[in-house]
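What follows is a set of notes on a single structure, which appears directly below.
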Protein chains: 4
Amino acid sequence: MPLSEQQILNMKVKRKKILEAATYLFATEGYGGTTIKKVSEAATVSFGSVFTYFKDKEELFYTVVVEPLEDFSKQMLAFDEHAENPLDELKRMITNHIKIFSEINHYLQLVVQDIGQHERFRESFEKLDAFHDEFRGKVSVLVKNGQQKGLLEKQDSLIVATLYTSLLIGFRLNSTDKRYSDISEKVALSTLNIFGPIIK
Amino acid sequence: MPLSEQQILNMKVKRKKILEAATYLFATEGYGGTTIKKVSEAATVSFGSVFTYFKDKEELFYTVVVEPLEDFSKQMLAFDEHAENPLDELKRMITNHIKIFSEINHYLQLVVQDIGQHERFRESFEKLDAFHDEFRGKVSVLVKNGQQKGLLEKQDSLIVATLYTSLLIGFRLNSTDKRYSDISEKVALSTLNIFGPIIK
Amino acid sequence: MPLSEQQILNMKVKRKKILEAATYLFATEGYGGTTIKKVSEAATVSFGSVFTYFKDKEELFYTVVVEPLEDFSKQMLAFDEHAENPLDELKRMITNHIKIFSEINHYLQLVVQDIGQHERFRESFEKLDAFHDEFRGKVSVLVKNGQQKGLLEKQDSLIVATLYTSLLIGFRLNSTDKRYSDISEKVALSTLNIFGPIIK
Amino acid sequence: MPLSEQQILNMKVKRKKILEAATYLFATEGYGGTTIKKVSEAATVSFGSVFTYFKDKEELFYTVVVEPLEDFSKQMLAFDEHAENPLDELKRMITNHIKIFSEINHYLQLVVQDIGQHERFRESFEKLDAFHDEFRGKVSVLVKNGQQKGLLEKQDSLIVATLYTSLLIGFRLNSTDKRYSDISEKVALSTLNIFGPIIK
DNA sequence: TATGAATGAGGATTCATTCAT
DNA sequence: GATGAATGAATCCTCATTCAT
């Protein structure tokens with residue numbers, strides 16, 4: 001007797017509630033500071049249910065880090081590195097990225113934790129690392145494109161791409177409480193500078 | 001019976017060994033993943049000794065975060081925001097900062113953890129935050145100085161200062177394994193761009 | 001709506017599969033080491049079904065111990081304690097018993113567990129104990145019979161009967177892996193000695 | 001600062017109390033039915049102390065099975081398989097073994113559990129098995145010796161030795177409650193029969 | 001001050017049992 | 001009857017902290 005539509009739906013909702021609670025808690029209290037009991041309470045789910053959906057705490061953490069990555073990755077890579085006008089594309093990209101980052105406060109904390117303790121969270125770290133490489137690579141191509149067209153000054157494009165990621169991450173970490181939106185335009189403009197635009 | 005010179009020295013050495021071990025462990029395994037036993041073993045110190053030097057785990061963490069801050073702060077603030085030639089000073093400053101950051105891999109992990117979980121580590125976070133404000137403020141003054149002298153393009157100097165910190169932090173986080181030194185010069189040059197130098 | 005023939009048959013088959021799986025698991029992994037999930041998987045039956053057939057784990061264990069007892073008892077008592085020729089009867093009996101025991105490896109493990117932990121498994125233990133008494137009694141009568149006919153040397157017949165049971169049990173326990181059949185004839189002969197046959 | 005004599009003594013006592021409580025509980029309630037809490041209470045020791053002395057439950061079980069083996073083994077092997085008069089030696093041995101077994105009620109339950117679930121308790125089982133082999137081998141030599149001297153009838157000596165062990169184990173299991181001592185002499189005499197003594 | 005055994009509260013995990021479908 | 005998700009009590013184990021030596 002297979003599960004009914006309704007049951008499957010309920011389960012999906014439940015699973016999502018757990019993941020959301022876990023994301024928040026892992027981010028704000030760390031892996032060790034997060035207990036399954038806290039998660040179950042925050043998700044308004046029974047204690048045992050957490051284990052119905054996730055084998056153990058580690059799998060829960062892994063899922064919380066890796067599962068959003070696909071969607072996040074898609075958003076972050078949504079720019080055209082071969083654009084006719086690389087400078088415009090760059091501006092659009094930056095604005096977009098800042099917007100994306102402004103919405104993933106907790107997730108980013110998780111990511112940073114995972115990176116910092118990559119020995120401990122090896123598997124999920126590898127996924128993150130793979131994405132990071134892909135992302136930097138693509139940004140780097142766009143930068144080269146801009147440089148060849150004489151729109152950006154010559155710099156090591158991979159380094160610049162890395163600095164750009166660094167900036168995105170670091171800025172989000174630095175701005176825990178403040179509202180991004182108020183200043184995002186200014187931020188975007190200043191950020192563009194990192195790429196050394198020749199005519200703005 | 002007062003302690004002999006030698007004893008006092010031994011105790012200082014021991015305390016330092018504990019702090020070093022704790023820094024490494026807190027950074028790589030997190031607060032929850034770090035146990036006093038691990039610390040004592042990594043420091044080649046008896047289990048009980050850790051409690052001789054630190055009241056409890058929390059105090060150990062606090063110390064590990066806050067104690068290096070004084071020295072770190074001094075190094076980070078060692079630039080002249082009223083320099084005659086702000087652009088040169090900026091270059092000098094960046095190079096210096098990158099060098100400093102290259103040496104504090106583990107400590108920075110700690111800092112990021114502390115910031116991310118500032119609810120949990122309130123006291124130490126406040127110290128970090130205070131330093132951050134001071135630092136940004138001073139950088140911001142230097143930037144304004146440069147702008148007034150027409151050497152830097154006009155931007156919101158506080159935002160730029162924040163981005164600069166973000167970049168320093170983010171870049172260090174991103175470069176877990178690679179050797180900074182190999183690329184630090186290029187990084188410094190690209191980083192300068194953030195400040196919008198008009199003539200380089 | 002009464003159940004169809006087929007349904008009733010299916011249920012009997014299912015029940016039996018569960019009992020067989022449970023016998024094996026209780027025997028090899030102990031009561032505590034056996035979980036309902038394992039049983040359901042080994043019986044290729046759904047998790048919930050185990051509870052359809054057995055109220056709880058305890059009832060399952062009880063059934064697994066007690067239900068085979070009736071049949072086992074019948075087989076074990078299938079000898080004539082008033083036989084004309086007690087020595088021949090004894091030989092026949094021993095051979096038969098050894099054969100029976102050779103086929104009940106797992107069940108015997110269960111029995112021994114039950115006996116060893118009789119406090120815990122009081123109810124089933126009582127059934128086992130009752131059978132044991134009956135069995136020893138009947139063997140003892142046969143032995144006395146033989147002694148009176150001058151075919152067996154005088155010994156305490158109940159003690160001998162107890163030793164005989166002990167030997168059957170002990171030998172089965174000792175021979176986990178080896179094939180009984182290869183040596184069963186020799187074993188039977190040597191076992192006979194316990195009864196002190198005067199002319200063999 | 002090494003532990004004082006007194007402390008070391010206390011620890012030995014504590015360790016022994018735990019082992020005794022564990023032996024009793026494992027024997028009467030099984031591995032799964034025995035909880036660390038029960039053990040600690042029965043040993044009048046704090047819960048945590050059990051883990052100070054034994055890494056985990058499994059190690060506790062292992063120790064409880066294997067540690068007494070050395071002493072037990074020594075006692076059980078204390079007979080001369082090359083004795084001038086094998087029959088006398090056999091009698092002495094049997095009496096001695098019955099006495100030994102009369103004192104190890106709980107331990108034997110443990111052993112039987114270990115054997116029955118040898119898959120689960122592989123390591124300790126191997127130790128038991130090794131002893132069993134040695135024991136049977138030595139008994140077998142004594143039997144052969146007796147047979148060559150015409151004091152015992154010809155039988156497969158290894159099978160007889162196995163039957164003998166079986167009987168010792170089986171009898172102990174069968175006699176949970178009764179006092180051995182009352183009947184041990186009769187038991188010894190009847191047991192001797194297994195070896196087929198020609199003149200008694 | 002140094003040491004490491006003692007303690008028990010707290011946390012992860014398991015699992016028998018219930019129950020809605 | 002059949003199924004398997006939901007539940008939380010019970011269990012193993014860890015570990016910060018205490019304290020006797």
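Naming: A, B, ... by sequence-line order, numbering from 1 per chain.
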Please determine, for dC15(E), whether a Watson-Crick or G-U wobble partner exists with both distances under 3.5 Å, and give it or none.
-> dG8(F)

Spacing of Leu60(A) atom CG relative to dG11(E) atom P, expressed in whole Å | 16 Å

Protein-nucleotide distance (Glu29(C), atom CD; dC15(E), atom P), rounded to Å | 11 Å

Got a donor-acceptor contact below 3.5 angstrom from the Lys57(B) side chain to the Thr34(B) backbone?
-> yes

Mind telling me whether Phe72(C) and Tyr107(C) have parallel, tilted or perpendicular rings, with 30° and 60° as the class edges?
-> perpendicular

Phosphate oxygens OP1/OP2 of dT14(E): is one of them under 4.0 Å from a side-chain N or O of Lys57(C)?
-> no

Counting Watson-Crick and G-U wobble pairs only, both distances under 3.5 Å, name the nucleotide matched with dT21(E), or none.
-> dA2(F)

Over 60° means perpendicular and under 30° means parallel, so classify the ring planes of Phe26(B) and Tyr31(B), tilted if in between.
-> parallel

Please report, rounded to the nearest Å, how far the C1' atom of dA5(E) is from the NZ atom of Lys55(D).
-> 19 Å

Any side-chain heavy atom of Lys17(B) within less than 4.5 Å of one from Thr44(B)?
-> yes

Could you pick out which residue, Thr52(C) or Gly32(B), lies toward the 5' side of DNA chain F when each is mapped onto its nearest nucleotide?
-> Thr52(C)

Of the candidate nucleotides dT18(F), dG4(F), dC12(F), which contains the atom at the shortest distance from the side chain of Phe47(B)?
-> dT18(F)

Give the rounded distance in Å between these two atoms: CZ of Phe54(B) and P of dT18(F).
-> 16 Å

Starting from C1' on dA6(E), measure out to CD1 on Ile18(D) and report it in whole angstrom.
-> 11 Å

Among dA16(E), dA2(F), dT17(F), which nucleotide sits nearest the side chain of Ser49(C)?
-> dA2(F)

Could you check whether Thr34(A) gets within reach of a base, just the sugar-phosphate, or nothing at all, counting any heavy atom under 4.0 Å?
-> sugar-phosphate

Respond yes when some side-chain nitrogen or oxygen of Thr35(D) is under 4.0 Å from OP1 or OP2 of dT11(F), and no when none is.
-> no

Return the 5'-most residue of the pair Lys37(A), Tyr31(C) with respect to DNA chain E, ranking by each residue's nearest nucleotide.
-> Lys37(A)

What nucleotide, of dT3(F), dA5(E), dG4(F), holds the atom closest to the side chain of Met11(D)?
-> dA5(E)

Separation of dT14(F) atom C1' from Ile36(B) atom CD1, nearest Å, is 13 Å

Are side-chain N/O atoms of Thr52(D) and Ser49(D) paired as donor and acceptor at under 3.5 Å?
-> no

Roughly, in whole Å, what's the span from CD1 in Ile8(D) to P in dG4(E)?
-> 12 Å

Rounded to whole Å, the CD-P distance (Gln6(A) to dT21(E)) equals 9 Å

Shortest side-chain distance from Phe51(B), nucleotide among dC12(F), dT18(F), dT3(E) | dT18(F)

Starting from the 5' end of DNA chain F, give me the residue, Asp56(B) or Tyr53(A), whose nearest nucleotide shows up first.
-> Tyr53(A)

Considering only heavy atoms from C-beta outward, does the side chain of Phe54(B) approach that of Leu19(B) to under 4.5 Å?
-> yes

Using a cut-off of strictly less than 4.0 Å, decide whether Lys14(C) has a side-chain nitrogen or oxygen near OP1 or OP2 of dA2(F).
-> yes

